[in-house]
Amino acid sequence: MPSATVAVTGLIRRYGRHIALDQVSLGLTKGVTGLLGPNGAGKTTLLRILATALSPDQGTIDMLGIDPLTAKGRLEARRVLGYLPQHPGFHPGFTAFEFIDYVGILRRITNRAQRHDETRRVLDAVGLSDVRGKKIKTLSGGMRQRVALAAAIVGDPQFLILDEPTVGLDPNQRLRFRELIAELGEDHVVLLSTHQTEDVGALCQHVVVLAGGTVRFDGTPADLSAYAAGRVWHSAQKDPNAVAGWRTGQGTVHNIGSPPPGATLLEPTLEDGYLLLLDGDPALKEVA
């Protein structure tokens, strides 16, 4: 992997006796990195630390040459990162333009004309120029998500942290969001946290899997898919020895685990590798 632009080393974060992050290390470069993991894996804690909203108990972060764990570095880091939380807060009485303009003020774009130019730029980038004068409370859920993304990219931050940006969107809205995120990944460092393995497969050049507060996988989507090579097959009924299995639209059952002799093997998907990694096929003890 190329030299990391954002490097995280040995992060530990505790909540009382619970260890949310346990010696987490990873490196992020230009492009889109997918962050996968079950609920309670530590993803949100990691994102909040990277967004400077939370401090770790131990570890270091190098964010584009900045140490965000110092008071001075925290202010510098906030100028180079954009954060889209899973549940963004809005001022619903504001129009889309007014809200983004307000975010520009928070980002210390003090020149009014420059700030308004930037507001128009980011609203155009997310496809909301036509509704910039409408109040946020009148916009659809998909449009509100795009307003939140516009807020995250005000000032063209080099590091973008996106927490479940496509949750609750319909298929067309999700495709539009994928296009936007892919474009941002061309010249930004983008960390995308999601439960949607199909988003990772479609968008990401790099994927990290967190489980139990530790990094269980760090590699390419193809490597994660290959984790299930030779361990995916279909059958008429669910195999009782399968780690997981479900009936498909073709009427057969898609099984993952340790196949029986003579099984008809299938090409593994990223989701197959991810499920095997988490559910623990006895035949697989080491992380790829």
Side-chain angles (χ1 to χ4, degrees), residues 6 28 30-34 47-48 50-53 63-64 75-194 196 199 202-204:
V6 177
L28 308 174
K30 187 181 295 184
V32 185
T33 294
L47 296 187
R48 291 188 66 206
L50 289 173
T52 74
M63 185 183 296
L64 311 175
L75 291 175
E76 293 176 354
R78 288 172 181 170
R79 296 189 183 105
V80 300
L81 68 84
Y83 179 37
L84 193 164
Q86 183 175 354
H87 303 291
F90 296 110
H91 297 272
F94 279 17
T95 65
F97 188 95
E98 289 168 341
F99 179 73
I100 301 304
D101 185 53
Y102 174 67
V103 173
I105 293 173
L106 297 179
R107 284 194 168 271
R108 300 185 180 183
I109 305 175
T110 55
N111 182 285
R112 187 171 183 269
Q114 180 185 355
R115 192 175 65 248
H116 284 187
D117 285 344
E118 177 65 2
T119 297
R120 284 186 283 269
R121 182 190 73 83
V122 298
L123 287 172
D124 181 61
V126 300
L128 291 179
S129 294
D130 292 345
V131 297
R132 67 188 185 191
K134 291 190 175 181
K135 292 187 182 295
I136 291 175
K137 64 184 177 183
T138 68
L139 301 180
S140 67
M143 286 184 175
R144 292 186 189 188
Q145 279 291 85
R146 282 192 267 167
V147 171
L149 181 59
I153 63 176
V154 168
D156 195 27
Q158 299 171 61
F159 179 32
L160 293 170
I161 302 168
L162 310 178
D163 191 0
E164 297 284 354
T166 63
V167 68
L169 301 184
D170 66 34
N172 285 334
Q173 292 168 339
R174 285 180 63 196
L175 286 174
R176 174 61 177 154
F177 246 74
R178 285 182 185 176
E179 290 177 347
L180 292 171
I181 294 167
E183 290 172 9
L184 290 167
E186 291 293 325
D187 53 8
H188 298 77
V189 180
V190 180
L191 180 60
L192 168 68
S193 177
T194 181
Q196 306 290 339
D199 284 347
L203 284 169
C204 301

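Counting begins at 1 with the first residue of the sequence.
A tilted orientation is assigned to the rings of Phe99 and His91, their planes being inclined by 30° to 60°.
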Report task. Quick one: do Leu81 and Leu160 satisfy side-chain contact (heavy atoms from CB on, under 4.5 Å)? Show the steps, please. Result -> CA-CA 6 Å; Leu81 68 84; Leu160 293 170; over 6 Å; no

Report task. Starting from the C-alpha separation in whole Å, work towards a yes-or-no answer on side-chain contact (heavy atoms from CB on, under 4.5 Å) for Tyr83 and Arg48. Result -> CA-CA 9 Å; Tyr83 179 37; Arg48 291 188 66 206; 4.0 Å; yes

Requested in this report: Begin from the C-alpha positions of Leu28 and Phe159 and carry the test side-chain contact (heavy atoms from CB on, under 4.5 Å) through to its verdict.
Outcome: CA-CA 10 Å; Leu28 308 174; Phe159 179 32; 3.9 Å; yes

**Report entry** Lys30 and His188: CA distance, side-chain angles, deciding distance, side-chain contact (heavy atoms from CB on, under 4.5 Å) verdict
**Finding:** CA-CA 5 Å; Lys30 187 181 295 184; His188 298 77; 5.9 Å; no

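Salt-bridge annotation for Glu179 and Arg176: present, with a side-chain N of the basic residue lying under 4.0 Å from a carboxylate O of the acidic one. For Arg115 and Asp101, the salt-bridge test passes: some basic side-chain N is under 4.0 Å from an acidic carboxylate O. The residues Arg121 and Asp124 are annotated as not salt-bridged, no charged nitrogen and carboxylate oxygen being separated by less than 4.0 angstrom.
Screening Val103, Thr119, Val154 for a side chain to side chain contact (heavy atoms under 4.5 Å, CB included) involving Ile109 leaves a single residue, Val154. Checking Thr166, Asn172, Val126, Leu162 one by one against Phe177, the side chain to side chain contact (heavy atoms under 4.5 Å, CB included) holds for a single residue, Thr166.
Interatomic distance, CG of Leu180 versus CD of Glu183, reported as 6.0 Å (0.5 Å rounding).
Here the side chains of Leu191 and Leu47 are in contact, with some heavy-atom distance below 4.5 Å. You'll find the side chain of Thr95 stays beyond 4.5 Å of the side chain of Val131, heavy atoms only. Considering only heavy atoms from C-beta on, Val32 comes within 4.5 Å of Ile181 through its side chain. Put simply, the side chain of Arg107 does not reach to within 4.5 Å of the side chain of Arg79, judged on heavy atoms. Side-chain contact between Leu149 and Pro165: absent, with no pair of heavy atoms (C-beta onward) separated by less than 4.5 Å. The shortest distance between side-chain heavy atoms of Val189 and Gln158 does not fall below 4.5 Å.
Residues Ile100 and Ala151 share a closest heavy-atom pair of CD1-N, 3.6 Å. The shortest heavy-atom contact between Arg144 and Ile136 is NE-O, 3.2 Å. Considering all non-hydrogen atoms of both residues, Pro157 and Ala152 come closest at CG-O, 3.3 Å.
No more than 12 heavy atoms of other residues, nucleotides or ligands sit less than 6.0 Å from atom CZ of Arg112. Annotation for Phe94: atom CZ counts as buried by contact number, over 12 foreign heavy atoms lying within 6.0 Å.
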